[in-house]
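Each chain gets a letter, A, B and so on, in the order the sequences are listed, and its residues count up from 1.
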Protein chains: 2
Amino acid sequence: MKAMVHVMLKQGVLDPQGEAVRSALGSLGFDDVENVRQGKYLEIELAETDRERAEARVREMCEKLLANTVIESYSVEIG
Amino acid sequence: MKAMVHVMLKQGVLDPQGEAVRSALGSLGFDDVENVRQGKYLEIELAETDRERAEARVREMCEKLLANTVIESYSVEIG
């Protein structure tokens, strides 16, 4: 079973990486870019074959390792 | 208009970051994880209001800055 995980900085948390990308795009002439937020994307392949159990397992991984839940939010899709 | 961009290492390109995550998950007891690939995810807000023009613009950004197309592939969704 494959899980797709997005980890993003929460709204209101400063995103210097996204800001650096916006600025670099501006220097390249892409001056119509209003805002950029950058996050992580992970594809995780699991031996688990039950959809619900796989999702619960991946959420546990996010809480324990993949996201810093103080400043980051995450979403999990099972595909 | 908002664009969602995923940038991933191409199939066959070694992903040490994903491998490090897999190994760390293993140490935490998540030993049912078979494989992890890690990529970047960007949300880009554009002044452009035409869907097709926005997508073309973001693809140009990927080619010029956001992805290293020798080793990375990207996908763009306009939402």
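Both the backbone and the side chain of L25(B) come within less than 4.5 Å of a heavy atom of chain A. With a threshold of 4.5 angstrom between heavy atoms, E60(B) approaches chain A through its backbone and through its side chain. In this structure, the portion of L28(A) lying under 4.5 Å from any heavy atom of chain B is its side chain and not its backbone. Contacts between M8(B) and chain A at a heavy-atom distance below 4.5 Å involve the side chain alone, from C-beta outward. Contact of R22(B) with chain A is not made at all, since no heavy-atom distance falls under 4.5 Å.
Residue L9(A) is not grouped with residue Y41(B) when hydrophobic side chains (ILVMFWY) are merged at heavy-atom distances under 4.5 angstrom, including chains of intermediate members. Follow the hydrophobic side-chain contacts under 4.5 Å out from V5(A) and you never reach Y74(B); the two are in separate clusters.
In this structure, CD on E55(B) lies 10.5 Å from CG on D50(B), to the nearest 0.5 angstrom. We find the CD-CZ distance between E45(A) and R37(B) to be 9.5 Å, quoted to the nearest 0.5 Å.
Among R57(A), K64(A), M1(A), the residue making the largest number of heavy-atom pairs under 4.5 Å with chain B is R57(A). Ranked by heavy-atom pairs under 4.5 Å with chain A, the list N35(B), L65(B), V36(B), V58(B) is led by N35(B). With respect to chain B, the highest number of heavy-atom pairs below 4.5 Å among H6(A), Q17(A), E48(A) belongs to H6(A).
Taking a cutoff of 4.0 Å between a charged side-chain nitrogen and a carboxylate oxygen, R59(B) and E63(B) do not qualify as a salt bridge.
Taking the side chain as every heavy atom from C-beta outward, R53(A) and D32(B) never approach each other to under 4.5 Å.
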